[in-house]
Amino acid sequence: MALYTALVDTITTYSGLSPAAFFTIAALMFVVYKTVCGMFVDPEDYDAKKPVAATTTTATLPEMPAVSEPVQMGDVTEEELRAYDGSDPKKPLLMAIKGQIYDVSRSRMFYGPGGPYAIFAGRDASRALALMSFDPQDLTGNIEGLSESELEVLQDWELKFIEKYIKVGQIVPD
Ligand code: HEM
């Protein structure tokens, strides 16, 4: 009892608070400390978990095609280009404008199977793009007879492709 009285006296003398107020404030500070600590990860735990997380990610995504630098194809005939229409997920997705072939694999959602512009994949789509046409007859690199404005539209598409995609080759006659 003497110890309790001494403790209460000490608290009152040094903090100027009643024992009840002192313990309430101490308890609140402890809760705040624990809450803030809970927001951070122990550095050791973090380092220990990192490699596991990396392995798990790779292991759970085995079917994702590797995102790698586009492979240069060089000279390709129109017929050879058709094999790069996205039907084989292991092959890059290619598309040509004015005979220049671009790797459009990063836009598989546009040009891949089932995509809104899948018909352009594996083709020189110059005429279709110039005419803004989805007619299969326009799926050709032949731009003969196009008007000035249609050629301008095609030019805009070409600039967009040059900016966005990597050129990987050019179409050569069979
Ligand atoms: C109702 C008409 C159309 C609408 C609403 C439309 C809408 C769109 C949208 C929202 C995008 C995505 C743009 C981006 O995120 O960069 C796009 C891309 C594209 N559109 Fe259309 N489009 C239409 C007609 C056409 C037509 C007629 C053609 C050509 C025949 C065409 C060819 C393309 C191509 C090639 C891309 C992909 C460009 C790329 O690789 O970034 N679109 N379109």
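Note that ligands are numbered from 1 as they come in the structure, with each ligand's atoms numbered from 1 the same way. The first residue in the sequence is number 1, and the count goes up from there. The analysis underlying the following values was restricted to heavy atoms, covering all of them including side chains, and did not include hydrogens, waters or symmetry mates.
- There is a protein heavy atom less than 4.0 angstrom from atom 6 (C) of ligand 1.
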Point to revise | Derivation and outcome, side chain to side chain donor-acceptor pair (under 3.5 Å), residues Ser87 and Asp85 | key: CA-CA 6 Å; Ser87 47; Asp85 64 353; 2.6 Å; yes
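- The heavy atom nearest to atom 39 (C) of ligand 1, out of those in Trp157, Tyr111, Phe161, is found in Tyr111.
- In this structure, the side chains of Val76 and Gln170 stay at 4.5 Å or more apart for every pair of heavy atoms.
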Review point. Under the side chain to side chain contact (heavy atoms under 4.5 Å, CB included) criterion, do Val172 and Thr77 qualify, and how do the steps go?
Key: CA-CA 5 Å; Val172 291; Thr77 65; 4.2 Å; yes
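- Listed by chain and number, the protein N, O or S atoms at a distance under 2.8 Å from atom 21 (Fe) of ligand 1 are Tyr117 OH.
- In this structure, Leu81 and Ile101 have side chains that are in contact, with non-hydrogen atoms separated by less than 4.5 Å.
- Atom 35 (C) of ligand 1 is flagged as protein-proximal [any protein heavy atom, distance under 4.0 Å].
- Rounding to the nearest 0.5 Å gives a distance of 10.5 Å between CD1 of Ile97 and CD1 of Ile171.
- Remark: minimum distance from atom 16 (O) of ligand 1 to any protein heavy atom is reached at Lys160 NZ, 3.7 Å.
- The closest protein non-hydrogen atom to atom 12 (C) of ligand 1 is Phe110 CZ, 3.4 Å.
- With a 4.0 Å heavy-atom cut-off, ligand 1 is reached by the backbone of Ser133 but not by any atom from C-beta on.
- When only interatomic distances are considered, the shortest N/O to N/O separation between Lys164 and ligand 1 falls below 3.5 Å.
- Scanning both residues, Leu94 and Asp103, for their nearest heavy atoms gives CD2-CA, 3.7 Å.
- When all heavy atoms of Glu150 and Ala130 are compared, the pair lying nearest together is O-CB, 3.5 Å.
- Here the side chain of Ser105 pairs a donor or acceptor atom with the backbone of Leu93 at under 3.5 angstrom.
- Here the CZ-CD distance, from Arg127 to Gln137, works out to 10.0 Å after rounding to the nearest 0.5 Å.
- Under the 4.0 Å distance rule, the nearest protein heavy atom to atom 10 (C) of ligand 1 falls outside the cut-off.
- Residues satisfying the salt bridge (Lys or Arg N to Asp or Glu O under 4.0 Å) test with Lys91, not counting sequence neighbours, are Asp88.
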Kindly list each side-chain donor-acceptor pair under 3.5 angstrom involving residues 111-123, sequence neighbours excluded, with atom names and distances?
none

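- Taking every heavy atom of Phe120 and a limit of under 4.0 angstrom, the matching atoms of ligand 1 come to 29 (C), 30 (C).
- Within the 4.0 angstrom cut-off, atom 27 (C) of ligand 1 has one or more protein heavy-atom neighbours.
- Near Tyr165, meaning under 4.0 Å from any of its heavy atoms, are these atoms of ligand 1: 39 (C), 40 (O), 41 (O).
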Would you be so kind as to tabulate the donor-acceptor pairs closer than 3.5 Å made by side chains of residues 153-163, with sequence neighbours excluded?
| unit_1 | atom_1 | unit_2 | atom_2 | d |
| --- | --- | --- | --- | --- |
| Gln155 | OE1 | Lys98 | NZ | 3.4 |
| Trp157 | NE1 | Leu129 | O | 3.4 |
| Glu158 | OE1 | Lys98 | NZ | 2.9 |

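- The presence of a protein heavy atom under 4.0 Å from atom 2 (C) of ligand 1 is ruled out.
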